[in-house]
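Reviewing the structure listed below.
Nothing fancy with the numbering, it's 1 onward along the sequence. Just so you know, these numbers use all the heavy atoms, side chains as well, and skip hydrogens, waters and symmetry mates.
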Amino acid sequence: MTQNTTRGHTITIEQGTQRVRAVHDGQVLAESDRPLVLRETGCPVRYYIPPQDVRLDLLTPSETHTYCPFKGTASYWSLPDAADVVWGYPDPKPEVAAIKDHLCFYEVETV
């Protein structure tokens with residue numbers, strides 16, 4: 001488990017064992033039994049999925065980038081009918097290096 005605490009803000013990352021799936025309009029975009037589970041103060045639990053478990057062939061890189069002072073700069077990917085449905089940190093801050101190149105979806109289900 002990785003833990004980073006800054007002025008009352010905490011991020012923990014641990015290896016998950018629960019199977020997660022990301023689905024959009026009935027199509028499975030990702031399915032993994034090895035997600036990283038990221039818990040961050042004030043945010044919902046997020047599952048970061050290894051790229052090998054994501055249908056990258058369905059996603060197109062977006063021009064969108066956002067910055068998090070705790071994780072770094074995020075890049076986004078879109079579907080033809082849904083913008084910015086997934087994001088990742090290609091070069092995360094050292095404290096959260098475990099999420100490098102993993103992808104996170106807004107909506108995932110545990111199965």
Side-chain angles (χ1 to χ4, degrees):
M1 179 168 86
T2 302
Q3 183 168 344
N4 180 31
T5 305
T6 306
R7 296 180 304 280
H9 187 273
T10 301
I11 295 176
T12 61
I13 301 169
E14 54 194 38
Q15 181 61 59
T17 56
Q18 196 166 20
R19 189 166 197 72
V20 296
R21 181 184 302 143
V23 179
H24 178 77
D25 284 345
Q27 184 166 42
V28 176
L29 302 178
E31 191 164 6
S32 182
D33 57 5
R34 53 191 180 144
L36 294 176
V37 181
L38 186 141
R39 291 179 175 84
E40 181 174 3
T41 302
C43 299
V45 171
R46 294 291 186 196
Y47 297 93
Y48 281 78
I49 300 172
Q52 300 87 345
D53 297 343
V54 178
R55 291 283 313 272
L56 297 172
D57 58 311
L58 301 175
L59 300 168
T60 304
S62 164
E63 295 297 316
T64 303
H65 290 52
T66 58
Y67 179 75
C68 170
F70 305 103
K71 295 187 291 289
T73 300
S75 297
Y76 289 75
W77 290 263
S78 299
L79 293 167
D81 64 341
D84 302 337
V85 295
V86 61
W87 71 92
Y89 292 88
D91 189 24
K93 293 193 174 237
E95 299 83 8
V96 293
I99 63 171
K100 179 178 175 60
D101 295 328
H102 285 57
L103 299 169
C104 188
F105 291 80
Y106 284 103
E107 299 293 329
V108 296
E109 55 191 44
T110 54
V111 290

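Note: Glu109 CD to Glu31 CD = 8.5 Å, rounded to the nearest 0.5 Å. Residue Phe70 holds its CZ atom at 9.5 Å from SG of Cys43, rounded to the nearest 0.5 Å. Once rounded to the nearest 0.5 Å, the distance linking NE2 of His24 with CG of Leu79 reads 5.0 Å. With rounding to the nearest 0.5 angstrom, the CZ atom of Arg21 is 11.5 Å from the CG atom of Leu29. A distance of 7.5 Å separates CG in Leu38 from SG in Cys104, rounded to the nearest 0.5 Å.
Taking hydrophobic clusters as Ile, Leu, Val, Met, Phe, Trp and Tyr residues chained together by side-chain heavy-atom distances below 4.5 Å, Tyr106 shares a cluster with Ile99. Val45 and Ile11 fall into different hydrophobic clusters, where Ile, Leu, Val, Met, Phe, Trp and Tyr residues are linked whenever their side-chain heavy atoms come under 4.5 Å apart, directly or through other members.
Within the 4.5 Å cutoff, the side chain of Glu14 has heavy atoms near those of the Arg39 side chain. Side-chain atoms of Ser62 and Trp77, non-hydrogen and from C-beta on, never get closer than 4.5 Å to each other. Counting heavy atoms from C-beta outward, Thr64 and Trp87 have side chains that stay 4.5 Å or more apart. Side-chain contact between Leu36 and Gln15: present, with at least one pair of heavy atoms (C-beta onward) separated by less than 4.5 Å. Considering only heavy atoms from C-beta on, Asp91 stays 4.5 Å or farther from Thr73 through its side chain.
Within the structure, the salt bridge (Lys or Arg N to Asp or Glu O under 4.0 Å) test picks out the following pairs touching residues 61-88 (sequence neighbours left out): Glu40-Lys71.
Between the side chain of Thr10 and the main chain of Thr41, no donor-acceptor pair closer than 3.5 Å is present.
Pairing each heavy atom of Pro80 with each of Leu58, the nearest pair is CD-O, 4.2 Å.
Take Pro50 and apply the side chain to side chain contact (heavy atoms under 4.5 Å, CB included) test, not counting sequence neighbours, and it matches Ser32, Arg34, Gln52, Asp53, His102. Every residue meeting the side chain to side chain contact (heavy atoms under 4.5 Å, CB included) condition with Val54, not counting sequence neighbours, appears here in chain and number order: Ala30, Ile49, Leu56, Leu59, Leu103, Phe105.
A side-chain N or O of Thr66 and one of Tyr76 form a donor-acceptor pair less than 3.5 Å apart.
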